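So the structure is just underneath, and the comments pick up after that.
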Amino acid sequence: MQVSNRLALTGLTIKQIRAIFKQLQSDVLPMHWLDGWLMHVLDKPFIFLMTDEDYQPTLEESSKITAGIMQLSAGKPLAYLTGQQSFWGRHFLVNAHTLIPRADTEILVETILNYAKAQQKIRQTDNKNLVNILDLGTGTGCIGITLALELEFAQVVLVDISSEALKVAEQNNHRLNARCQLLQSHWLQKVSGQFDIIVSNPPYIKENDEHLVNLKHEPITALVAAEDGLTDIRHIIETGRAYLKDGGLMAIEHGFDQAEAVRNLYLSSGYLDVYTIQDYGGNDRVTLGRYKNCG
């Protein structure tokens, strides 16, 4: 069923609207987007779909639902329509200046949490001994803010070159009371000091990647990198050494087919204990390494 400007939802119940949704759904317009937009407009939890399926949206609600469906059918992600995305059980504000947080990135957060907690236990110190974390290319701030909230002994700095992205990160930082520091910088250019952990989800998609057509609404500079997607990863690995404390950890998210190349970048830059972790879908997703200052 093709989406039409004349899509008529006025006077219909939720049950009837969802019957139309089932005909509209496609790879471009998944059912969970349609239901998600419906619940956002009605400002109701998802259980409302079952408990109140005879509810008739008002004329204003019906018009808003239809207008949103038209945008979704044109490829606009649901998160940009609602202005938020769930990540690690929290809602993060998003807009067209930021990437939409994805579930695959949660493995990066989980890995850092486990590492930081293990290091703190090894040190056998109390929570006053802070762990310093740098989140490069923070976007919405979802990685760094989550780490700050989950690790009471962490001090986190959020870095992004985009002032517009940092505005969103600051809003999330304030809303969630994460107390992170924010810095506008092209990667490490304006960063000072050293860190126990540097974490980054940088641009890593190849310039000619066929999947870019499905990401046309997200900021291209946060997605694409030259050298088969490795330019920014290489820069972070090579320059990041000077910003790591002795034995500090570097953790980078990358494409499913880039693990070997990223490991080689770590090894050629002198990192130790280099290894790759798979995401929840079984794809290579995060590569880590420690840098030991031999000087």
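Values in this document were obtained by computation on a predicted structure and should not be read as measured data.
Expressed to the nearest 0.5 Å, how far CE of M250 lies from CZ of R241 amounts to 9.5 Å. Here K117 contributes atom NZ and L113 contributes atom CG; the two are 5.5 Å apart, rounded to the nearest 0.5 Å. Considering OG1 of T239 and CZ of R234, their distance stands at 12.0 Å, rounded to 0.5 Å. Considering CG of L134 and CG of D196, their distance stands at 11.0 Å, rounded to 0.5 Å. Separation of atoms CD1 (I65) and CG (L42) is listed at 5.0 Å; rounding is to 0.5 Å. Rounded to the nearest 0.5 angstrom, Y55 OH and L12 CG are separated by 13.0 Å.
The nearest pair of heavy atoms linking W33 to V28 is CZ3-O, 3.8 Å. When every heavy atom of L182 is checked against every heavy atom of L166, the shortest pair comes out as CD2-O, 3.6 Å. Residues S185 and Q189 share a closest heavy-atom pair of OG-N, 3.3 Å. The two atoms that bring T111 and L288 nearest to each other are CG2-CD2, 3.5 Å, heavy atoms only. When all heavy atoms of R175 and H91 are compared, the pair lying nearest together is NH1-O, 3.2 Å. Residues A169 and I145 share a closest heavy-atom pair of O-CD1, 3.8 Å.
Annotation: F195 is not in aromatic contact with Y243 [ring centroid separation under 6.0 Å not met]. With ring centers used as reference points, Y291 lies 6.0 Å or more from Y266.
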Stepwise side chain to side chain donor-acceptor pair (under 3.5 Å) check, Q120 with Y115: CA-CA 9 Å; Q120 198 75 351; Y115 175 84; over 6 Å; no
Residue pair E164, K167: steps toward the salt bridge (Lys or Arg N to Asp or Glu O under 4.0 Å) verdict: CA-CA 5 Å; E164 293 299 325; K167 288 178 184 177; 3.2 Å; yes
Verdict with supporting geometry, F92 and T98, side-chain contact (heavy atoms from CB on, under 4.5 Å): CA-CA 11 Å; F92 284 82; T98 65; over 6 Å; no
Criterion side-chain contact (heavy atoms from CB on, under 4.5 Å) on R18 and M31, from CA distance to verdict: CA-CA 9 Å; R18 295 192 72 229; M31 189 69 182; 3.8 Å; yes
Derivation of the salt bridge (Lys or Arg N to Asp or Glu O under 4.0 Å) call for K292 and D246: CA-CA 5 Å; K292 186 79 173 173; D246 191 29; 3.6 Å; yes
Working for side-chain contact (heavy atoms from CB on, under 4.5 Å), residues I17 and T13: CA-CA 6 Å; I17 290 172; T13 65; over 6 Å; no
Verdict with reasoning, R90 to E150, per salt bridge (Lys or Arg N to Asp or Glu O under 4.0 Å): CA-CA 12 Å; R90 299 181 178 93; E150 297 293 328; 2.8 Å; yes
CA sep, side-chain torsions, deciding dist, call: I197, N132, side-chain contact (heavy atoms from CB on, under 4.5 Å): CA-CA 7 Å; I197 300 169; N132 296 299; over 6 Å; no
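When side chains are defined from C-beta on, W187 counts as touching P202, because their heavy atoms get closer than 4.5 Å. Proximity of L230 to V262: side-chain heavy atoms (C-beta onward) are separated by under 4.5 Å at one or more points. With a 4.5 Å cut-off on side-chain heavy atoms, V199 and I133 count as touching. The shortest side-chain heavy-atom distance between T146 and L149 does not fall under the 4.5 Å cut-off. Two residues are said to be in side-chain contact when any heavy atoms from C-beta on lie closer than 4.5 Å; H174 and N177 fail this criterion. Between N172 and C142 the shortest side-chain heavy-atom distance does not fall below 4.5 Å. By the 4.5 Å heavy-atom criterion applied to side chains, L136 and L158 are not counted as neighbours. Residues F48 and I14 have side chains in contact (heavy-atom distance under 4.5 Å, counting atoms from C-beta outward).
Using a distance-only test at 3.5 Å, with no hydrogens or angles considered, no donor-acceptor pair links the side chain of Q84 to the main chain of V94. Using a distance-only test at 3.5 Å, with no hydrogens or angles considered, a donor-acceptor pair links the side chain of T66 to the main chain of S62. With hydrogens and angles disregarded, a donor-acceptor distance shorter than 3.5 Å links the side chain of S268 to the backbone of L265. The backbone N or O of H97 lies less than 3.5 Å from a partner atom in the side chain of N95, making a donor-acceptor pair. No donor-acceptor distance shorter than 3.5 angstrom exists from the side chain of E53 to the backbone of M50, with no hydrogens or angles considered. In this structure, the side chain of D160 engages the main chain of G139 through a donor-acceptor pair within 3.5 Å. With D104 contributing its side chain and D279 its backbone, the two residues share no donor-acceptor pair below 3.5 Å. Remark: side-chain polar atoms of E238 are not paired, donor with acceptor, to backbone N or O of H235 under 3.5 angstrom. With hydrogens and angles disregarded, no donor-acceptor distance shorter than 3.5 Å links the side chain of Q155 to the backbone of L130. Of the possible polar contacts, none joining the Q181 side chain to the V157 backbone as a donor-acceptor pair under 3.5 Å is found.
Checked by atom type, the side-chain pair E110/Y280 shows a donor-acceptor distance below 3.5 Å. When only modelled atom types and interatomic distance are considered, Q85 and Y80 share no side-chain donor-acceptor pair under 3.5 Å.
Under a hydrophobic clustering in which Ile, Leu, Val, Met, Phe, Trp and Tyr are joined whenever their side-chain heavy atoms come within less than 4.5 Å, directly or via other members, M39 and V41 fall into the same cluster. Note on I107 and L151: same hydrophobic cluster, where clusters join Ile, Leu, Val, Met, Phe, Trp and Tyr whose side-chain heavy atoms are under 4.5 Å apart, directly or indirectly. Under the 4.5 Å side-chain contact rule for hydrophobic residues, I143 and V168 do not share a cluster. Hydrophobic clustering places L267 together with Y271 (ILVMFWY residues linked when any side-chain heavy atoms are closer than 4.5 Å, directly or through intermediates). Hydrophobic clustering, with ILVMFWY side chains joined whenever heavy atoms are under 4.5 angstrom apart, groups V109 together with L249.
Each of H254, E260, E253, R263 was scored for a side chain to side chain donor-acceptor pair (under 3.5 Å) with T287, with one residue passing: H254.
Other residues, nucleotides and ligands contribute only 12 or fewer heavy atoms inside 6.0 Å of the NZ atom of K44. Counting non-hydrogen atoms of neighbouring residues, nucleotides and ligands closer than 6.0 angstrom, the CG atom of D43 reaches no more than 12 such neighbours.
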